[in-house]
Amino acid sequence: MEKRRVILVTDGDEFACRAIERVAADVGGRCISCSRGNPTKLSGEELVKLILQTPHDPVFVMFDDCGAIGQGAGEEALRYVATHEQIEVLGALAVASNTHQHEWTKVHVSIDRDGVMTEYGVDKEGIRDLDVGRINGDTVYCLDQLNIPLIVGIGDIGKMGRRDRAEHGAPITRKAVELILERSGGHDGKRKKEDADSGQSH
C-alpha cells in the first residue's frame, strides 16, 4: 500500500495558508487549502480523503485549535491524520503563539525570524526563546505524543514582522520545510515523479 507523504502545520489562518500555498508550490508539493480554518473545520477522515486524492506529494495540511486548551478539533484531526495507515508524516511545523498555558511541545530544532537554525524555541515573532527544545503554541498539545521524525519550531507563519510574507516567498517557512525535506529525503519523490513524467514523454 503506497503511503502519501505529509507535512503537518499547526496553524490555519489566512496568512499561514497563503505562505504554505506558496512554499508548497515552490517545492513541488500540494497544499490542502481547504484545511485552512480558525479553528479547523474538517475532520481527520475528511482530510485523509483529500490527501489521498492529491496528484503527488509532499502534501501540506493545516490544523488550528483557535486557542482551545487541551485537545481541540484541530488536534483531533491532526492525530487522526498522523496515525493513519496510508499517511507517512515527514515532519511538522510547530507554530509558536502567545499562549503560556498548558500548550507546549518539544521540538527537535527551530528556525528563527532571521532564518537561522537554533536549538532554542522561538516565540510568535520568531525571536529565540529561553527554553531549549520546546515552544509554546496553540495546536501543539499532541505533537510529541506522535511518532513524528522532525518537529521544527517556527514563529507565526506568513508574519514574523513581515519577514515571512507569502508575497516575498515566505522565506522563513520555506527554510523550515526544506529542512524537513532534506532530513526525510522528501525531495526524492519529486525527482522520481519528474523522471517518470520525462520517461512517459519519450
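Just so it is clear, the model here is predicted, and its values are computed rather than measured.
- A continuous path of ILVMFWY side-chain contacts below 4.5 Å connects Val27 to Ile157, so both sit in one hydrophobic cluster.
- From Thr118, atom OG1 reaches atom CD1 of Ile127 across 13.0 Å, with rounding to the nearest 0.5 Å.
- Residues Leu47 and Phe60 fall into different hydrophobic clusters, defined by Ile, Leu, Val, Met, Phe, Trp and Tyr side chains chained together at heavy-atom separations under 4.5 Å.
- Panel note: side chain Glu75, backbone Tyr141; a donor-acceptor pair is recorded below 3.5 Å.
- Ile151 and Trp104 sit in two unconnected hydrophobic clusters of ILVMFWY residues. Membership requires side-chain heavy atoms under 4.5 Å apart, directly or through other members.
- For Ala96, the side-chain contact (heavy atoms from CB on, under 4.5 Å) test picks out Ile135, with sequence neighbours left out.
- Rounding to the nearest 0.5 angstrom, the gap separating the CD1 atom in Ile87 from the CG atom in Asp57 is 9.0 Å.
- In this structure the side chain of Arg30 reaches within 4.5 angstrom of the side chain of Pro55, judged on heavy atoms.
- Using a 4.5 Å heavy-atom threshold, the side chains of Arg163 and Asp114 count as touching.
- Salt-bridge check for Asp64 with Arg36: failed, with every basic side-chain N at 4.0 Å or more from each acidic carboxylate O.
- Taking CZ of Arg165 as the reference point, atom NE2 of His168 lies at 4.5 Å (rounded to 0.5 Å).
- In this structure, Glu45 does not pair ionically with Lys49, as no charged nitrogen and carboxylate oxygen lie closer than 4.0 Å.
- At least one donor-acceptor pair closer than 3.5 Å links the side chain of Asp144 to the backbone N or O of Lys106.
- Between the CG atom of Asp129 and the CG atom of Asp112 there is a distance of 12.0 Å, given to the nearest 0.5 Å.
- Salt bridge status for Lys159 with Asp13: present, with a side-chain N to carboxylate O gap under 4.0 Å.
- Between Arg174 atom CZ and Leu181 atom CG the span is 10.0 Å, to the nearest 0.5 Å.
- Judged purely by atom type and a 3.5 angstrom limit, Glu88 has no side-chain atom pairing as donor or acceptor with the backbone of Lys3.
- Of all heavy-atom pairs between Val89 and Ala82, the closest is CG2-CA, 3.8 Å.
- Minimum interatomic distance between Gln145 and Arg79 (heavy atoms only, all atoms of both residues): OE1-NH2, 2.7 Å.
- Around CZ of Phe15, the count of heavy atoms belonging to other residues, nucleotides or ligands within 6.0 Å does not exceed 12.
- Note: the hydrophobic cluster containing Leu78 also contains Val107 (ILVMFWY, side chain heavy atoms under 4.5 Å, direct or indirect links).
- Leu50 and Cys34 make their closest contact through CD1-SG, 3.4 Å (heavy atoms, listed as atom of the first residue, atom of the second, distance).
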Only pairs under 3.5 Å count here: list side-chain donor-acceptor contacts from residues 18-25, not counting sequence neighbours, and write none if there are none.
| from | atom 1 | to | atom 2 | distance (Å) |
| --- | --- | --- | --- | --- |
| Arg18 | NH1 | Glu14 | OE2 | 2.8 |
| Glu21 | OE2 | Ser33 | OG | 2.6 |
| Arg22 | NE | Asp26 | OD2 | 3.3 |
| Arg22 | NH1 | Ala166 | O | 3.0 |

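- Across all their heavy atoms, Gly74 and Asp65 have their closest contact at N-OD1, 2.7 Å.
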Exercise. Where do Asp164 and Arg162 land on the side-chain contact (heavy atoms from CB on, under 4.5 Å) test, with the steps shown first?
Worked result: CA-CA 6 Å; Asp164 196 46; Arg162 300 170 66 88; over 6 Å; no
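- Between the side chain of Arg5 and the backbone N or O of Ser184 there is no donor-acceptor pair closer than 3.5 Å.
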For this session: Take Ile32 and Val59 through the test side-chain contact (heavy atoms from CB on, under 4.5 Å) and record every step on the way to the result.
Result: CA-CA 7 Å; Ile32 304 294; Val59 183; 3.6 Å; yes
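- Here the OG1-CD1 distance, from Thr173 to Ile154, works out to 4.0 Å after rounding to the nearest 0.5 Å.
- The two atoms that bring Thr40 and Ala77 nearest to each other are CG2-CB, 4.5 Å, heavy atoms only.
- For Glu46, the side-chain contact (heavy atoms from CB on, under 4.5 Å) partners at least two apart in sequence or on another chain are Leu42, Ser43.
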For this session: Take Glu76 and Tyr80 through the test side-chain contact (heavy atoms from CB on, under 4.5 Å) and record every step on the way to the result.
Result: CA-CA 6 Å; Glu76 288 177 7; Tyr80 183 91; over 6 Å; no
For this session: Evaluate side-chain contact (heavy atoms from CB on, under 4.5 Å) for Asp156 paired with Val95, printing each intermediate quantity in order.
Result: CA-CA 6 Å; Asp156 208 354; Val95 179; 4.3 Å; yes
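- Summarising the geometry of Ala92 relative to Leu143, their closest heavy-atom pair is CB-CD2, 4.2 Å, with the distance given to 0.1 Å.
- Tracing side-chain contacts under 4.5 Å through hydrophobic residues (I, L, V, M, F, W, Y), one never reaches Leu146 starting from Met62; they form parts of separate clusters.
- You'll find the side chain of Val116 reaches within 4.5 Å of the side chain of Arg128, heavy atoms only.
- Lys41 NZ: more than 12 foreign heavy atoms inside a 6.0 Å radius.
- Between the side chain of His84 and the backbone N or O of Gly44, no donor-acceptor pair lies under 3.5 Å.
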